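Structure in structure tokens, see below.
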Amino acid sequence: MTEEVAPVKCVGPEYRAEDQKPTATVSTVVNYDNVTVLPQTPQLIALLSIIRNHSTARGDFVFYSNRIIRLLVEEGLNHLPTVSHTVTTPVGRPYDGLSFQGKIAGVSIMRAGEAMEQGLRDCCRSVRIGKILIQRDEETAQPKLFYDKLPEDIADRWVLLLDPMLATGGSAIMAVDVLKSRGVPEERILFLNVLASPEGIKSFASKFPTSRVVTAFVDEGLDEKNYIIPGLGDFGDRYYTR
Ligand code: URA
């Protein structure tokens, strides 16, 4: 599997001189117009450092993953349509602002994606949530759809697809195929993801050029078991059981 050279950069506010900023490995740069990588801020890198650490206990893993998930949801919402909207403030003055347009749904890829549902609910009260279960078929080694439960009007909604780890891209690609088969246009699907491999980004972004990926970090590659490296291990195990 390919291993990219992950850039090591000074991380910190723009106004600080480079020699006053610590260095850290930041996201691999990817050249797809439909991929948004979160700004590599000190905050994000410090949060990722906690969840990547093998000795981080489950409670902290959950707490700090949730903070990253919140950043992903907030960024994802920036890609939804808005219209101009003027309101009147309590002192009687107009403020020319915006309002969101369009209905949304979250769809989690079980089980790790379910960890991202609360972050979405925290930002979008009463959001409809669907679920898709895709697992590896033991005979063919290909991803197989085992279960899905989606809001009835999913075709009328923008869909925030939730899966924290984009490794080979097999599950995410199958999930988008399921959504498209239920009438969701590709361009109304936003895939929110904590850690991605360059291989997964390439497969997903080139197969669905009008969908968007929002990820916190593109890592170096995959190991022989298709774990993301350096990665953080098995997200579902660390979030739910370890
Ligand atoms: N899923 C995980 O939980 N971790 C990986 O590294 C890849 C897929």
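Being a predicted model, the structure only gives us computed values, none of them experimental. Hydrogens, waters and symmetry mates play no part in the numbers below; they use all other heavy atoms, side chains included. One-based numbering, in listed order, for ligands and for the atoms of each.
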Under 4.0 Å, counting heavy atoms only: does Asn226 come that close to any atom of ligand 1? yes

In the protein, which heavy atom is nearest to atom 3 (O) of ligand 1, and how far is it? Phe235 N, 2.8 Å

Go through ligand 1 atom by atom and flag the ones less than 4.0 Å from a non-hydrogen atom of Met165. 1 (N), 2 (C), 3 (O), 4 (N), 5 (C), 6 (O), 8 (C)

Return the OG1 to CD distance between Thr215 and Glu75, rounded to the nearest 0.5 Å. 11.5 Å

May I ask you to identify the nearest protein heavy atom to atom 6 (O) of ligand 1, giving residue, atom name and distance to one decimal place in Å? Ile228 N, 2.8 Å

Would you please indicate if the ring centroids of Phe235 and Phe61 are separated by under 6.0 Å? yes

Between Asp219 and Ile228 (side chain of the first, backbone of the second, donor and acceptor by atom type, cut-off under 3.5 Å), is there such a pair? no

Restricting to heavy atoms, the pick from Ser171, Ser197, Gly233 nearest atom 4 (N) of ligand 1 would be Gly233

Roughly how far, to the nearest 0.5 Å, is CG of Leu44 from CG of Leu72? 8.0 Å

Has the side chain of Arg188 got a donor or acceptor atom that lies under 3.5 Å from a matching backbone atom of Val159? no

